[in-house]
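Only heavy atoms go into these numbers, but all of them, side chains included; no hydrogens, no water, no symmetry mates. Order of the sequence lines sets the chain letters (A, B, ...), proteins ahead of strands, with each chain counted from 1. All of these numbers come straight from a predicted model, not from anything done at the bench.
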Amino acid sequence: MIQIKDLHKSYKMGSNSLHVLKGINFNVKEGELVAIMGSSGSGKSTLLNILGMLDLLDKGTYDLDGVPIKNLDETKAANYRNKFLGFVFQSFNLINYKTALENVTLPLYYQGVNRKEREATALEYLDQVGLKEWATHLPSELSGGQKQRVAIARAMVTQPKVLLADELTGALDSNTSKEVMTLIQEINQNGKTILIVTHEEDIAKMCTRIVRLKDGIIMEDKKNKMIKAI
Amino acid sequence: MFSRDRWLEIFETIRKNKLRTFLSGFTVALGILIFVVLFGFGNGLRNTFENFFEDDAKNTMWLRSGRTSKPYMGYEANRLIEFDNDDLKEISSRFEFYIEGITPRISFSGNVGYKLESNNYSIRGVGPSHQKNEMTIMMKGRYINGLDIDNKERNVVIGRLVEQDLFKGEDGIGKFISGGGRSWKVVGVFQDDGGDNEERIIYAPYTTIQLIQKSTDKVGQIIISYKPEIGYGGAVAFENQLRKYIKQRKFIDPRDSRGIFIRSAASELKENDQFASVLQYIISFVGIGTLLAGIIGISNIMVFVVKERTKELGIRKAIGATPKSIIGMILQEAIFITTISGYIGLFIGIAFLNFIGDKLEEQYFITDPFIDLSTGILATVILIVFGAFAGYLPAQRAARIKPIEALRDS
């Protein structure tokens, strides 16, 4: 599903350049639930941003489901993101003046799906995350766990090839984290490829594979015997 | 770009961000409102100004005489100059090319009565062409005519208010009024736009007036209307020639600024035009200033709006919005809000001007303030265009910002 070869990325900081990723080789097969671990500054977020086409790579190749991701301009990146990827963020990033349902319909709006259809689809996905009754509520009326489940529904609604999650439990207490992870595991069991960036061992142990990054290179990449969240 | 879905998305954003919508709309509406009101007041001021000068015909010259201030050709200074019938005849034959009509005006005031009513009125001995100079409008009867002059008839034309004062609602035509120990037949009643005083005047044939003033041949003022086709330049040339000729004829030092006085509507017209154009400049300056303030206001709001929405735009980009759709959304929303509120401001402004009407005429000299609808619409369009432009720059920056950067602060 994901093939990365010899990936380099550095950031310009004034006259200095900070070499963040120093040659990453990394493949993900369909249906894997991968935890990317590392301390802050290890390059894990940068890797996720490149995978998410939110950032550009300097050197190396990146293929997503056989499609080489290169020469991305903003419009192309936006279209790929919309078609191939679903994002879940630590801070949920829901649009605060839109209801749960409207937030979930938004990716479909950018795909040009008509209003009726996208509302029906979005409601279906809200039902899957158990929030059908909360469809008309604003994010401010939802709990943290509920917000994250809305965000997951929004990420899933376009049926992306890969779900990318950046510290998705970082803002949640441990019980809520477990609930959200249960949902992630369910989605994974239905065949979705999921990458989770985290620095929590507990979360990583709930995945099928753990990749540890340190100083811009992969230190360890091993299969994990998945622990059920609940 | 203008699909129904896009509009629904925008309406939803507007509906759910009422304060933001209100603020930007209010700025634009207020800007246009102030522009319309100030511009309208400026026009009202000009209206008042133009009304002042509308009363007299524009192609008129007034010749008055006075005392000389310099000795000349054996004559002492301080000599009284007076025009007489010969002057009138000479001027009219000599300057026939320029002159459309010429009339003397012998002014004095006297007591005039009918039955038991009497009152003091200003009386003018004039010729037929005086009607045109003063733009006197006849309500009934006729004006002084050539026969009256030739036969020195005791016929008079009275103002509307004179008739009202003396005849108390009766028809004055054909009746006789008394004045200076004689009786005068009323042959006409006139009205005048110049105000009440202009309608309390009695006109009589100047020859008759000369007769009863001990057979004098003095004519008082001379009023000339020149042919309009000679234009402004011709009028100035005519005025100069006329002045030179009369000074020569009356033995007045050419350098003497007194003795005779010529007032011409042509030279006044020029001054008026200059004053009117200064007014126009002031109005335009105020208008442009207001518009500029409006543009700066809407620009500020747009920058603020885009900044406030940075995170939202980042989210939209992360889930698949293209830069074009981001810019389009912001612009379409901005243009929609500015257009609606601009026209609201425009129509409130126009309604306000209509409401003012002539309420401010007495104290502030503002008569019927108005604004051309086209000027108002142009101002609104300018504001919309600049509002869009002001929105475009931050929108473009927002669309270029990377989603991660937009999402980082949280």
Between A:R118, A:M53, A:K83, which residue shows the highest count of heavy-atom pairs closer than 4.5 Å to chain B? A:R118
Mind listing the closest non-hydrogen atom pair of A:E74 and B:P323 along with its distance? CB-CG, 3.3 Å
Closest non-hydrogen atom pair between B:A321 and A:A78, with its separation: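 B:A321 and A:A78 have their closest heavy atoms at O-CB, 3.4 Å.
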Does any heavy atom of chain B fall under 4.5 Å from the side chain of [X], the backbone, both, or neither of them?
{"X": "A:F92", "result": "neither"}
{"X": "A:V157", "result": "neither"}
{"X": "A:F87", "result": "side chain"}
{"X": "A:Y109", "result": "side chain"}
{"X": "A:E102", "result": "side chain"}

More than 12 heavy atoms of other residues, nucleotides or ligands under 6.0 Å from [atom1] of [X]: yes or no?
{"X": "A:F26", "atom1": "CZ", "value": "yes"}
{"X": "B:F386", "atom1": "CZ", "value": "no"}
{"X": "A:Y97", "atom1": "OH", "value": "yes"}
{"X": "B:F11", "atom1": "CZ", "value": "yes"}
{"X": "B:F389", "atom1": "CZ", "value": "no"}
{"X": "A:K161", "atom1": "NZ", "value": "no"}
{"X": "A:E30", "atom1": "CD", "value": "no"}
{"X": "A:K70", "atom1": "NZ", "value": "no"}

Greatest number of heavy atom pairs closer than 4.5 Å to chain A - which of B:K317, B:K324, B:R316, B:R400: B:R316
With a 4.5 Å heavy-atom cut-off, do B:T322 and A:Y110 have their side chains touching? no
Charged N to carboxylate O below 4.0 Å: is that the case for B:E12 and A:R115?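 Yes, B:E12 and A:R115 are salt-bridged.
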Is the shortest side-chain N to carboxylate O distance from B:E9 to A:K98 below 4.0 Å? yes
Heavy-atom distances under 4.5 Å only: say whether B:R309 touches chain A with side chain, backbone, both or neither.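 Contact with chain A is through the side chain of B:R309 alone.
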Hey, which of A:L94, A:N96, A:I95, A:N103 is the one that makes side-chain contact (heavy atoms from CB on, under 4.5 Å) with B:I315? A:I95
